[in-house]
Amino acid sequence: MNIAIVGAGVCGVTTAHELLNDGHTVTLYEKRGTPAEEASFAPAGLVSTAWALAWAGPEHRLHAPWAPPGPGVRWRAGLDSDAWRWWRRWRREERRRGNDALLALRDLIDQGLQRQIELTAELDLDHDRSDDLLVLLSDAREAAGAQPAIDRLRGLGLELRTVSADEARAIEPALNPTAPLHSAVHLRGPGVANCREWTMLMRHRIARLGGALRLRTGVTGLRPDGLGWRLSASDGSDAHFDAVVLCAGVGADELLGNLGLPTPWTVLWSHSLSAGLREPMDAPVSAVLDLKSRIAITRLGQRVRASGGADLGGSAAGTDPASLCRLGQVMSHWFPAAARFSGPQASIQSWRGALVMSEDGLPCIGASRLPGLWLNLAHGAAGWAMACGAARHLANAITHPSAEGPATAFAPSRLGL
């Protein structure tokens, strides 16, 4: 089939690669000048299955717009009734999510991580990555609060162990010795990888497979065309495709709305702060999550990054100084000498990215109710962890439509799509 993919973030690029491997002809449309310039640009880089299942989303707490950034959701949507309805349903669905959905998520992420590892080895992709994640618990109350999530992860068959403060400091020797630490959870397996770097490397693989990448070319319209789809682009071009896959994140709303389809998700805005290493011995070995603040601290080559926060509503432009200040404070609390924040050799990068989250907190992967229109959307904060698994899941459904598929937990039909 001749297939168009809208959006060249990590999910769009991995979907293009899987479809090309299956023998399809693929054209990838991206409104930006390079792939991975939006949600895939500078996230935490966490790919741990346990993190994605238990701690990737914000806590179920709502903060006033004037409140300082915290581990919950900061309300910046004003009187938006749609945002309020999303918040109520998301909180309800997250609390009552059953084991079937969690097992489907675990399988999706595990299969994707295995695929990512295979591709990295097969294609000799040289990108920043490391294993393991350490979840820090500052006091006994925090440790007790984390126990239900730990029990749930063990019930799903995931490998993790609770370690003492001394054991945690042995795993991450650069942890601030004066910072209060009660215990930690040590999660084995893939921990962190550079999302944008990996996506850019895969871009070249797509070109070698014959895929077409249309940069600086947004999609302005979609309409059914016989047995396929007619796609109009911002450069004035108009082309016919057998199928279209939407991987555009926030860019999908207008396209779906014009087709009469709902958009049952919202956008949470997250931040990251990256800086060059001052002294590698004083930086994390791999990935660390401060559970109290829900801020992740990750080491990516010669840089260290703090990521977290969730604002519901607000402008898409610029970064929030209060959020960035909080990220820097948490990083300095645990690794006071890791980052070079000042001086002539300082190299600081701030980022604000959109996390598209569905009403039930699960991704939207599969066929829409319009024949030939496929979706790979709404991965929330764990889009990088899910990317390869979601791409393979979707490619299987397109290439082998009569084969028995995996669990339908991610089917767009559950959301009226």
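The figures here come from the full heavy-atom set of this structure, side chains too, leaving out hydrogens, waters and symmetry mates.
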Show, in sequence, the C-alpha distance, side-chain angles and deciding distance for Trp198 and Trp384, and conclude whether the ring-ring contact (aromatic ring centres under 6.0 Å, His included) test is met. CA-CA 10 Å; Trp198 194 86; Trp384 175 211; 5.4 Å; yes
For Arg92, is the CZ atom crowded, meaning more than 12 foreign heavy atoms sit under 6.0 Å from it? yes
Approximate separation, where rounding is to 0.5 Å, of Ile3 CD1 and His24 NE2: 4.5 Å
Given side chains that start at C-beta, do those of Arg129 and Thr120 come closer than 4.5 Å, heavy atoms only? yes
Just wondering, do Ser130 and Arg299 contact through their side chains at under 4.5 Å, heavy atoms? no
Give me each pair satisfying ring pair (Phe, Tyr, Trp, His ring centres under 6.0 Å) with a member in residues 48-67, each pair once, sequence neighbours excluded. His60-Trp90
Determine, step by step, whether Arg305 and Met331 satisfy the side-chain contact (heavy atoms from CB on, under 4.5 Å) criterion, reporting the C-alpha distance in whole Å, the side-chain angles of both residues, the deciding distance to 0.1 Å, and the verdict. CA-CA 8 Å; Arg305 176 175 295 165; Met331 184 192 294; 5.6 Å; no
For the residue pair Trp334 and Ile297, establish whether any side-chain heavy-atom pair is separated by less than 4.5 Å. yes
Do Arg216 and Arg32 come within less than 4.5 Å of each other through their side chains, counting heavy atoms only? no
Between Val185, Thr49, Leu53, which is the residue that forms a side-chain contact (heavy atoms from CB on, under 4.5 Å) with Leu153? Leu53
Between His379 and Cys11, is any pair of side-chain heavy atoms under 4.5 Å apart? yes
Looking only at heavy atoms, which two atoms of Ser274 and Arg303 are closest? And how far apart? O-NH2, 3.3 Å
